[in-house]
Amino acid sequence: MTTTTLPARATRGVPATRRPQSVGTAVRDVRTMVARETRRQLRSVDGLVTALVLPVAIMLVFVVIFGGAISGGSGDYIDYVVPGVLVMCLGFGSATAATAVAQDMTSGTIDRFKTLPIFGPSALWGHVLASVARNLVSACTVVLVAVALGFRPDAGPLGWVGVVGFAVLAVLAFTWLSAALGLVLSVDASQSVNMLFLFVPYLSSGFVPVDTMPTWLHGFAEHQPFTPIIETLRGLLSGSGDGATAAAATAWLAGTLIVSTTAGSILYHHRTAR
Amino acid sequence: MDQPMIAVQGLEKSYGAHHVLRGVDLTVRHGEIYALLGQNGAGKTTAVNILTTLVRPDAGTARIGGADVTTDAGRVRELIALTGQYAAVDEFQTGAENLVMMADLAHLPRRTVRTRAAELLERFDLTAAAGRRVGTYSGGMRRRLDLAISLVADPALLVLDEPTTGLDPASRSQLWEVVRGLAADGTTVLLTTQYLEEADRLADTIAVLHDGRVAARGTASELKSLVAGDHVRVAFEDRASLAAATDLAAGLGMVSTTTDDKDLSLSAPSADPVRTIRDLLAAADTHRLAVSGVSVVKPTLDDVFLALTSKETAR
């Protein structure tokens, strides 16, 4: 017989060393997850290139290589194109969250997190907040390089507050959308989420005015979300925005944010590792 | 007075038309090692997912330390730790960083986080590799780190889903040692496995899960006795002796004996092997039969498993 006398153990309560869940522990959970994501980003060569090298390279391509031809030689094209480059960079910078989330879903990490007495969506918030921090850093890099190349924004102090606030809203919306997609896509498929942010902005007023495009593209280019989003950022940077465009952009971003956080949280709740 | 660590009644779960669990009952006592044994698709992982609050059952109840897994999931999560089929460690973090992260998520007091991590690294023989990224670890090291992480908050119940799948034999027996040590210290361990040997060597109680139901449960010995008792096997030097012995055995009242023409042996099921051997040898001696060997064959868990699962399938 293998039945040996086992050390009887009284029903244990919460281990004495462990603290019960509270707002404090929820904040600690999110902080721990942000630290995890930041570490993942800083240690991935691919991630660093996407965050810092690619945005600057894209801007150099538009300003230095295409700039002369597009603007016909005048120096103003840089002021026109920087907002487009910025939004595009914020977009594909956020899209890496899709792959990070998809990887978590396949590795069993998600199962472990979900069996811990932690604040439920803290893992997703870790991805999102780390993404905000990373994208603000790459946006600053882009702006600094742009200024060095001759970019001269007219925004006053309040305008800059608006720029940062709008950028944070955009990154929140883009990252939550990417994270929600990462919950349903395979790791491979998740890598193409950035295509959404790399190509759709080209079909907006971000790089060339819509009226220079073929007529059949006007409808899409004028009404797709990247047009008001980029126009709003351009308005804030140049200190000459119009309220209707800003309202449209904010509505698009807030709508995406609400749908994505809701869908993401529900999906996360029902997912186990695959 | 002592309620069981795990109390499961009538657990059912379907995915579409596929009934994964069809009414599972389990009772796991405090401090025991309990194995859920079954083939792929038997419902082991689904059962584990329900017990660890990852999946909601369609019917039935499951309580961990008295807390219901669906209505009191928060409390259940404070009692359990899960080591899933895939090592849930971050490759981009070092071993120490992985442990510190999990200690933070377990809400250990901040000042004890690092000492607890160091202690577990030491215990699982990972101190030398603590500063290396997990991406460089071997499979066995990852499993050890995975297990160390599970123990960070000193869980009352450790759930191991196929803990040794894909491990080499040395890592496997090392892991078995660790699990035995944990149980000896009072941790209850629920493990799933498709390896009979693992259940046999490790578990105090085994439940054979087949087709969404518990086909049998008990200690390894109890399960083995379900199939049949011991067999006495007598081998002879020639075919004539074997034939003569078969008649003699029948004369002695031994029923359902079998013969093996290849190794010239006679097998007789027996509740009292010593007596059967004595009777057979005495008869062989009297008739001058050439005996070449005698052995007692104990049924293996394999026999049990095959008997139970084929019976279930036939039904």
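We name chains A, B, ... by the order of the sequence lines, and we start the count at 1 in each one.
- The distance from the NE2 atom of B/H107 to the OG1 atom of A/T32 is 7.5 Å, given to the nearest 0.5 Å.
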Using the side chain to side chain contact (heavy atoms under 4.5 Å, CB included) rule, take A/I118 and B/R77 through it: C-alpha gap first, then chi angles, then the decisive distance, then the call.
CA-CA 9 Å; A/I118 59 174; B/R77 290 174 189 153; over 6 Å; no
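- Per-residue heavy-atom pair counts under 4.5 Å with chain A were compared for B/R133, B/Q93, B/E91, B/E97, and the maximum is reached by B/E97.
- Both the backbone and the side chain of B/T52 come within contact range of chain A, each with at least one heavy atom under 4.5 Å from a heavy atom of that chain.
- Across all their heavy atoms, B/V113 and A/R28 have their closest contact at CG2-NH2, 3.5 Å.
- Here the OG1-CG distance, from A/T115 to B/N49, works out to 10.0 Å after rounding to the nearest 0.5 Å.
- In this structure, A/R31 does not pair ionically with B/D104, as no charged nitrogen and carboxylate oxygen lie closer than 4.0 Å.
- Minimum heavy-atom separation, B/G74 to A/P117: O-CB, 4.3 Å.
- For B/S150, the parts sitting under 4.5 Å from any heavy atom of chain A are the backbone and the side chain alike.
- Heavy-atom neighbours of A/R43 CZ from other residues, nucleotides or ligands within 6.0 Å: above the threshold of 12.
- Contact annotation for B/D146: both backbone and side-chain heavy atoms come within less than 4.5 Å of a heavy atom of chain A.
- For the pair A/M33 and B/L105, the minimum side-chain heavy-atom distance is below 4.5 Å.
- Taking every heavy atom of both residues into account, B/L54 and A/K114 meet most closely at CD2-CB, 3.5 Å.
- Contacts between A/F113 and chain B at a heavy-atom distance below 4.5 Å involve the side chain alone, from C-beta outward.
- By number of non-hydrogen pairs under 4.5 angstrom with chain A, the leading residue of B/R56, B/M102, B/M5 is B/M102.
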Carefully, step by step, assess B/D90 and A/R39 under the rule side chain to side chain contact (heavy atoms under 4.5 Å, CB included).
CA-CA 10 Å; B/D90 288 333; A/R39 220 169 256 155; over 6 Å; no
